[in-house]
Structures are given as structure tokens and as C-alpha cells.
Amino acid sequence: MIDEGIRKLITDLQFALSQNFGEGHYDLMGGQYDNNAKIMPPDRPLGYGREYVAEIYKKIRQAGARYFDMEVVDVRRFGDVVLVRGEIVARKGDQAETKKRGEIMFNGKFMSVWRKDDKDDWKIELDVWNSNDHVGHIKDKEPPVFQKFAQSCVLF
């Protein structure tokens, strides 16, 4: 069921996630996830928990991303669970400078599952994203733009 109230709330929470990334507040980003959250970034193993979440975002920033735009495309609520589908673009440089130049580091899509915690706050329980960059490179047999980005996210 589409619920416009929950759509706005989730969109605002996604915006806060993006803002926290831009400011390097990885602990606040981790706080938007459930304690036992599962995160599935591209070309990386499944990871668990807020510390893994914070570490992944820190590695993405170290790879050169400075902020990302997230567009929530679809939100579906099923009781205390919300399924979110959207698009994401990670960019280099500061926000104003990058929009002018259009330096895109990563272009992809995401799906996340949000659930209310015991304090009645919405937290991300599962976060999956992948790159659109692979699609255009299959035919050309060039390495995807994301490959270098993904390699920089190695945690161990």
C-alpha cells in the first residue's frame, strides 16, 4: 500500500543519510540502521551491523565521493515494514561545485527495508544497492567505472 505520509518521512530520512555522509558523520549514518542491519554494497560481501555500515560509507568517502543524491522512487508499507526503491548518484567534490561539473563517481539503484525499532523509530534493516555502470560496459568489454570504486571499499 502506498502511504504518502510514510513516503515523505522515508524521503526525509534518506536525505538525512545523504547529509550525514556529506559531512562525514558515519556514526550518525550507522545510527539510521538497525543494530543488526544487513548491508549489501556492490561487489562486496554481505555485512552486518552499524559498525560495518559506518565503515562502508567511510571507505566510499575515502574513494573520493563527497556527497550523494538519493531519489526515492517507490515506497510500500506493510504494517511495521517499509520497502523502499530508489536511485542513487555519488559525486566527487563539494555539492555546488560537483553539480556544475557533473562529476559522477557512481550511478546506481537501491532497495532498502525499514522497520520500526523498540523506540518506534524507523531504522534500515536491509540495504542493497548496485551499479548501473556495468550495463553499458558489457558490450564494450571495458572495465566498469565502479570497479575501482568497489575495490577501494575492501574492509579486510
Side-chain angles (χ1 to χ4, degrees), residues 3 6-95 97-99 103-134 143-156:
D3 177 335
I6 197 68
R7 179 185 180 85
K8 179 175 179 354
L9 175 66
I10 295 296
T11 299
D12 291 347
L13 290 170
Q14 292 283 164
F15 179 76
L17 190 68
S18 179
Q19 290 296 109
N20 285 329
F21 177 79
E23 296 170 6
H25 298 304
Y26 312 112
D27 56 332
L28 293 176
M29 293 180 77
Q32 290 184 256
Y33 287 76
D34 181 75
N35 285 331
N36 299 309
K38 294 167 215 57
I39 185 169
M40 302 165 109
D43 302 324
R44 300 275 49 96
L46 169 67
Y48 299 91
R50 291 178 172 168
E51 288 180 16
Y52 184 84
V53 168
E55 190 62 29
I56 282 289
Y57 284 115
K58 185 176 180 181
K59 295 284 185 181
I60 292 169
R61 189 163 176 90
Q62 289 171 348
R66 290 297 172 258
Y67 80 97
F68 55 85
D69 293 319
M70 293 172 43
E71 179 185 351
V72 173
V73 175
D74 191 23
V75 176
R76 302 289 171 130
R77 184 173 184 173
F78 304 94
D80 68 343
V81 174
V82 174
L83 179 63
V84 179
R85 179 176 60 88
E87 298 174 2
I88 182 170
V89 176
R91 300 178 183 270
K92 296 180 182 181
D94 70 32
Q95 191 167 4
E97 174 186 335
T98 302
K99 282 200 175 191
E103 290 187 53
I104 294 175
M105 184 174 177
F106 172 80
N107 176 22
K109 55 211 164 273
F110 70 91
M111 290 198 78
S112 55
V113 175
W114 294 70
R115 185 183 300 271
K116 282 192 173 185
D117 65 8
D118 58 355
K119 295 178 183 170
D120 214 30
D121 293 326
W122 289 100
K123 301 290 182 182
I124 301 171
E125 184 175 84
L126 174 65
D127 198 3
V128 181
W129 75 88
N130 61 44
S131 173
N132 292 336
D133 297 329
H134 293 285
V145 171
F146 188 73
Q147 185 175 358
K148 182 178 178 185
F149 175 71
Q151 289 170 349
S152 69
C153 292
V154 175
L155 297 179
F156 305 103

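Computation of the quantities below employed the complete heavy-atom set of this structure, encompassing side-chain atoms and omitting hydrogens, waters and symmetry-equivalent molecules. Just so you know, these numbers come straight off a predicted model, no measurement behind them.
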Side chain to side chain contact (heavy atoms under 4.5 Å, CB included) filter on Asn20, not counting sequence neighbours, yields His25, Leu28, Met29, Gln32

Taken to the nearest 0.5 Å, the spacing of Arg85 CZ from Arg76 CZ works out to 8.5 Å

Those residues at least two apart in sequence (or on a different chain) that pass salt bridge (Lys or Arg N to Asp or Glu O under 4.0 Å) with Asp12 are Lys8

Tightest non-hydrogen contact, residues Pro42 and Asn130, listed as CG-CA, 3.7 Å

Shortest non-hydrogen pair, Pro45 vs Tyr52, comes out as O-OH, 2.8 Å

What one should report as the nearest heavy-atom pair of Gly30 and Val53 is CA-CG1, 4.1 Å

Between the CH2 atom in Trp129 and the NZ atom in Lys109, the distance rounded to the nearest 0.5 Å is 13.5 Å

Item to check | Check: Ser18 side chain, Phe68 main-chain N or O, donor-acceptor pair, under 3.5 Å | outcome: yes

So, the side chain of Arg91 versus the backbone of Ala65: is there a donor-acceptor pair under 3.5 Å, distance only? no

Of all heavy-atom pairs linking Asp127 and Ile124, the shortest is CB-CG2, 3.9 Å

The salt bridge (Lys or Arg N to Asp or Glu O under 4.0 Å) partners of Asp80 (sequence neighbours excluded) come to Arg115

Looking only at atom types and distance, does a side-chain atom of Lys58 sit under 3.5 Å from a main-chain N or O of Gly24, one as donor and one as acceptor?
no

Taken in chain and number order and not counting sequence neighbours, the residues that satisfy side-chain hydrogen bond (donor to acceptor under 3.5 Å, both in side chains) with Asn35 are Arg50

CD (Glu55) and CD1 (Ile39) are apart, to the nearest 0.5 Å, by 11.5 Å

Q. Does Val75 reach the side chain of Trp114, with side-chain heavy atoms less than 4.5 Å apart?
A. no

Exercise. Using 30° and 60° as the class limits, which term best fits the ring planes of Tyr26 and Phe21: parallel, tilted or perpendicular?
Worked result: perpendicular

In this structure, CG of Asp74 is separated from CG of Leu83 (nearest 0.5 Å) by 7.5 Å

Verify the neighbour count for atom CD of Glu23: are there more than 12 heavy atoms of other residues, nucleotides or ligands below 6.0 Å?
yes

With sequence neighbours left out, the residues meeting side-chain hydrogen bond (donor to acceptor under 3.5 Å, both in side chains) with Glu71 are none

Residue set satisfying salt bridge (Lys or Arg N to Asp or Glu O under 4.0 Å) with Asp120, at least two apart, ordered chain then number -> Lys116

Measure from the side-chain N and O atoms of Arg7 to the backbone N and O of Val72, and report whether any donor-acceptor pair falls under 3.5 Å.
yes

